Number of protein chains: 2
Amino acid sequence: MDVKVSTRGDYASRALLSLALHASESNPTSVRDIAERTGLPQPYLEQILLALKGAGIVRSKRGVGGGYVLARDPEDISMAQIVSAVDGPIAAGDFGEPHADGACDHEGQCVLLALWSEVGDLLRDHLSSYSLADMVARARGIQPAAKTR
Amino acid sequence: MDVKVSTRGDYASRALLSLALHASESNPTSVRDIAERTGLPQPYLEQILLALKGAGIVRSKRGVGGGYVLARDPEDISMAQIVSAVDGPIAAGDFGEPHADGACDHEGQCVLLALWSEVGDLLRDHLSSYSLADMVARARGIQPAAKTR
DNA sequence: CCATAGTCTACCCATTTGGTCAGGAATTAG
DNA sequence: CTAATTCCTGACCAAATGGGTAGACTATGG
């Protein structure tokens, strides 16, 4: 089934969480600093930040005093966006579409396709329901007590 | 994130679904027959059935007229069991435990660990809520929900 | 004993994952 | 201008995983 979080997804989340926690001013944070704070390997982290930039989640500034900044408010960055930015779309299995009109080539296979796709939806929805701001809140201990979203 | 269903999980489900659909008598079905009905590569299917046997989901009989039979009633075989039998435990990421007492080595990383684990639970629960019998019902068109006419 | 059919072990190739490295290009300080 | 800083680009790499094959072995029934 393969429902493990890749290190990329995890690392990206950590980097962004760190960025959000230290977003005191609007001056950028260098990759080096982020790597130090999070304990992640710097060169690898660069790749990941680049992907996040490509997805429009962070902005970058080059040169002296440059670095990365969140492109939007943490409230407007969902965990689903983060994860799919570095790991591709959150979808269970690309075996083909459930060609829903009962035209299965073998027995009841489309029933299963429908199930996998349902599972993907469920997961995407769930991750979409959390924002980076939620993680910041939790990390600061202001846990809103098992949210009911 | 990696939330795709492996072919193994899918194949295992198909094989079992096929087995359940033709479970008219208690005489076993050979791997060759299952492969033919489902259109799956026979040698690969053998491996998968072996794993399912190891998990106690099917029983086998060797020799002439041998083959595989469901070990239990389809009602008592959950989709979660099938998937984890061939793909290992359904759990998001084994980075370590969320050492819940706020003793994160770096900033708020355990918050994320908690999230991944929550996601794994959600998924496992969801797949556990479906049984092979449910799939059989759906495949036969006795769809409890969208029943046309 | 012989054909059938499951079981086991090993191997194979392609892709993905996790990660490094060597420059190049932009920006700013001086 | 030039040098320092920092992001950017792209190649490269090792290991694991996924998907699949091949072949020998063993149990069973006739």
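Bear in mind that the values here come from a model prediction, so they are computed numbers and not experimental data. Residue numbers start from 1 in every chain, and the chains themselves are labelled A, B, ... in the order their sequence lines are given, proteins ahead of strands.
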Is there a donor-acceptor contact under 3.5 Å from the side chain of [X] to the main chain of [Y]?
X: A/Arg124; Y: A/Ile90; value: yes
X: A/Gln47; Y: A/Tyr44; value: no
X: A/His22; Y: A/Ser18; value: yes
X: B/Arg72; Y: B/Val58; value: no

Nearest-angstrom distance from the residue atom [atom1] of [X] to [atom2] of [N]:
X: A/Asp87; N: C/dT15; atom1: CG; atom2: C1'; answer: 15 Å
X: A/Leu45; N: C/dC21; atom1: CG; atom2: C1'; answer: 16 Å
X: A/Leu50; N: D/dT9; atom1: CG; atom2: C1'; answer: 8 Å
X: A/Asn27; N: D/dT6; atom1: CG; atom2: C1'; answer: 15 Å
X: B/Glu46; N: D/dA22; atom1: CD; atom2: P; answer: 12 Å
X: B/Asp33; N: C/dT4; atom1: CG; atom2: P; answer: 14 Å
X: B/Lys61; N: C/dT7; atom1: NZ; atom2: P; answer: 12 Å
X: B/Arg32; N: C/dA5; atom1: CZ; atom2: P; answer: 5 Å

From C-beta outward on [X], which listed nucleotide comes closest to its side chain: [options]?
X: A/Arg8; options: D/dC8, C/dT17, C/dG6; value: C/dT17
X: A/Lys53; options: D/dC8, C/dT17, C/dT7; value: D/dC8
X: A/Pro41; options: C/dT20, D/dG20, D/dC7; value: C/dT20
X: A/Val31; options: C/dC8, D/dG20, D/dC7; value: D/dC7
X: A/Arg62; options: C/dA5, D/dC7, C/dT28; value: D/dC7
X: B/Tyr44; options: C/dT7, D/dC8, D/dT21; value: D/dT21

Should [X] be listed as having a side-chain N or O under 4.0 Å from OP1 or OP2 of [N]?
X: B/Ser60; N: C/dA5; answer: no
X: A/Ser6; N: C/dT17; answer: no
X: B/Tyr11; N: D/dG19; answer: no
X: B/Thr7; N: D/dG18; answer: no

Toward the 5' end of DNA chain C, by each residue's nearest nucleotide, B/Gly65 or A/Val64 = B/Gly65
Please tell me which of A/Gly63 and B/Leu49 maps to the more 5' nucleotide of DNA chain C, matching each residue to the nucleotide holding its nearest heavy atom.
-> B/Leu49
When only distance counts, do a donor and an acceptor, one from the side chain of A/Gln47 and one from the base of C/dT20, lie under 3.5 Å apart?
-> yes
Name the residue closer to the 5' end of DNA chain D, choosing between A/Gly66 and B/Pro43 according to the nucleotide with the nearest heavy atom.
-> A/Gly66
For the residue pair A/Leu115 and A/Glu118, establish whether any side-chain heavy-atom pair is separated by less than 4.5 Å.
-> yes
So do B/Ile77 and B/Ile82 actually touch side chain to side chain, heavy atoms under 4.5 Å?
-> yes
